[in-house]
There are 2 protein chains.
Amino acid sequence: MNNRESLVNFILSVVKISKDDAEKIANTFHPIEFQEKDYLLRANEVSDDYLYLERGLMRTFLYNLEGEEITIDFFTEDNIVFEITSFFNRIRSEAYIQAITKCKGFRISYEELNTLFHTKPAFRDFGRAILVKEFIASQGRNYGMINRTAKERYQNLLSTKPQILQYAPLKCIASYLGVTDSTLSRLRKKM
Amino acid sequence: MNNRESLVNFILSVVKISKDDAEKIANTFHPIEFQEKDYLLRANEVSDDYLYLERGLMRTFLYNLEGEEITIDFFTEDNIVFEITSFFNRIRSEAYIQAITKCKGFRISYEELNTLFHTKPAFRDFGRAILVKEFIASQGRNYGMINRTAKERYQNLLSTKPQILQYAPLKCIASYLGVTDSTLSRLRKKM
DNA sequence: AAATCCACTTGACAAAAGGCAAGAAGTAAA
DNA sequence: TTTACTTCTTGCCTTTTGTCAAGTGGATTT
């Protein structure tokens, strides 16, 4: 069963359009599934996936100059997942996107997205709203990184995305929070 | 003289459209100027300015829970300036946008932007490209905050936006970099 | 000129976080 | 079961950054 009801509801929650429009948009998406540790995107590929994640947990990461793996972001269910730089600029990605748990969702390609963007006014508003939403989230994360201690950042993650702490290994969470494994381990103990 | 040549060139540098389209877009913008310390936006207002900053330096800031002023971002010339949350979601802003130096540029309102967005395909691509560009910049800043020391962050700012260090007071730069005034002062000395 | 204000610097000490290495605990493989 | 891995924890010590308070120097006001 490839029921797109969750995607329709997600679209309607993001932008004020008719249910009919939302269903038309949702129907252009293609179902896709991932096993634990599968990749949606690898470094050096040009991303061609704009994914609505219906269920599961993913993360994006890259390797820094010291060769260490840095988790940039986590994606939880009922969200859009994509690597904006590679997807929109059509350039090779530096980052990976990987499933942490089993995942399922619906995807469209860059070409499909662009066609929708220019032909369906409702999708234009949706696409823009997603960019705005993610941009705001990124700014918020920025603010949190600067103005909160590591402990507060951890507590914030705990209250906003508890799934992450449940499924993601400590080292991923640590690099996401900008601390070392040891420091995060100690923070946990103190709570 | 309200020559929009710089705006036309900026548009053409962001998106591949015809010069004619770029000029038509540029001509819908209205000239605007700011004196030092003038505000483009204050807290509790709904932002209605999408500004191309042709010349000058601006910053956006807000007050944290302790009542301290935190500089969130600097805007340099030849960039788009706006407070995305308030402007696109039509809600009251928590942030201020203020001119650090004398500034001049060209603006449009939310309504004007939306009209262009839905009637001019070239502007759709431009608008999306700006969101993508700013989003990527925000992600990059995020990465830098997490994976660089305060000293490296300062050096990076020094090499990418030297105007800021020249015109903005130390305390603005310090809160932007996520360190105290004292720490930034000490960092400077060591260089 | 004296007083005031502001931006910045500096010193002394405290707290937060990192580096490194060893060890515990769990999982998977042979 | 034993071995090998990986993940996570912990101790010891260093580095970075913060806090608080005092002090300097420049600009403005009276």
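Convention: sequence-line order gives letters A, B, ...; per-chain numbering from 1. As the structure is a prediction and not an experimental result, all values here were calculated from the model.
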For the pair made of [atom1] in [X] and [atom2] in [N], what is the distance, rounded to whole Å?
X	N	atom1	atom2	value
B:K189	D:dT17	NZ	C1'	15 Å
A:L187	D:dT10	CG	C1'	14 Å
A:E66	C:dG19	CD	P	10 Å
B:Y154	D:dT17	OH	P	14 Å
B:R148	C:dG18	CZ	P	16 Å
B:D181	D:dG18	CG	P	10 Å
A:I146	D:dT17	CD1	P	14 Å
A:E68	C:dG18	CD	P	12 Å

I want to check one thing: is the phosphate of [N], taken as OP1 and OP2, less than 4.0 Å away from some side-chain N or O of [X]?
X	N	result
A:T180	C:dG18	yes
A:K171	D:dC8	no
B:K151	D:dT16	no
B:T183	D:dT17	no

Handout entry: Expected output: side-chain A:S86 to main-chain A:S47 donor-acceptor under 3.5 Å
Key =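 Judged by distance alone, yes, a pair lies under 3.5 Å.
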
Handout entry: B:T101 side-chain N/O to B:L57 backbone N/O, donor-acceptor pair under 3.5 Å
Key =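 Side chain of B:T101 to backbone of B:L57: a pair is present.
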
Can you tell me which nucleotide in [options] comes closest to the side chain of [X]?
X	options	answer
A:V179	D:dG11, C:dA17, C:dC8	C:dA17
B:R188	D:dT17, D:dT19, C:dT9	C:dT9
A:L170	C:dT9, D:dG18, D:dC8	D:dC8

Working to the nearest 0.5 Å, report the span between [atom1] of [X] and [atom2] of [Y].
X	Y	atom1	atom2	value
A:N64	B:N147	CG	CG	6.0 Å
B:I25	B:L113	CD1	CG	10.5 Å
A:F34	A:Q98	CZ	CD	11.0 Å

Exercise for the section: Let me know, please, whether A:A150 or A:S182 comes out on the 5' side of the other along DNA chain C by nearest nucleotide. Expected result: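 First, find each residue's nearest nucleotide; the 5'-ward one identifies A:A150.
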
Exercise for the section: Can you check whether any acceptor in the base of C:dG18 is under 3.5 Å from a donor in the side chain of A:R186, or vice versa? Expected result: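 By the distance-only test, no, there is no pair.
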
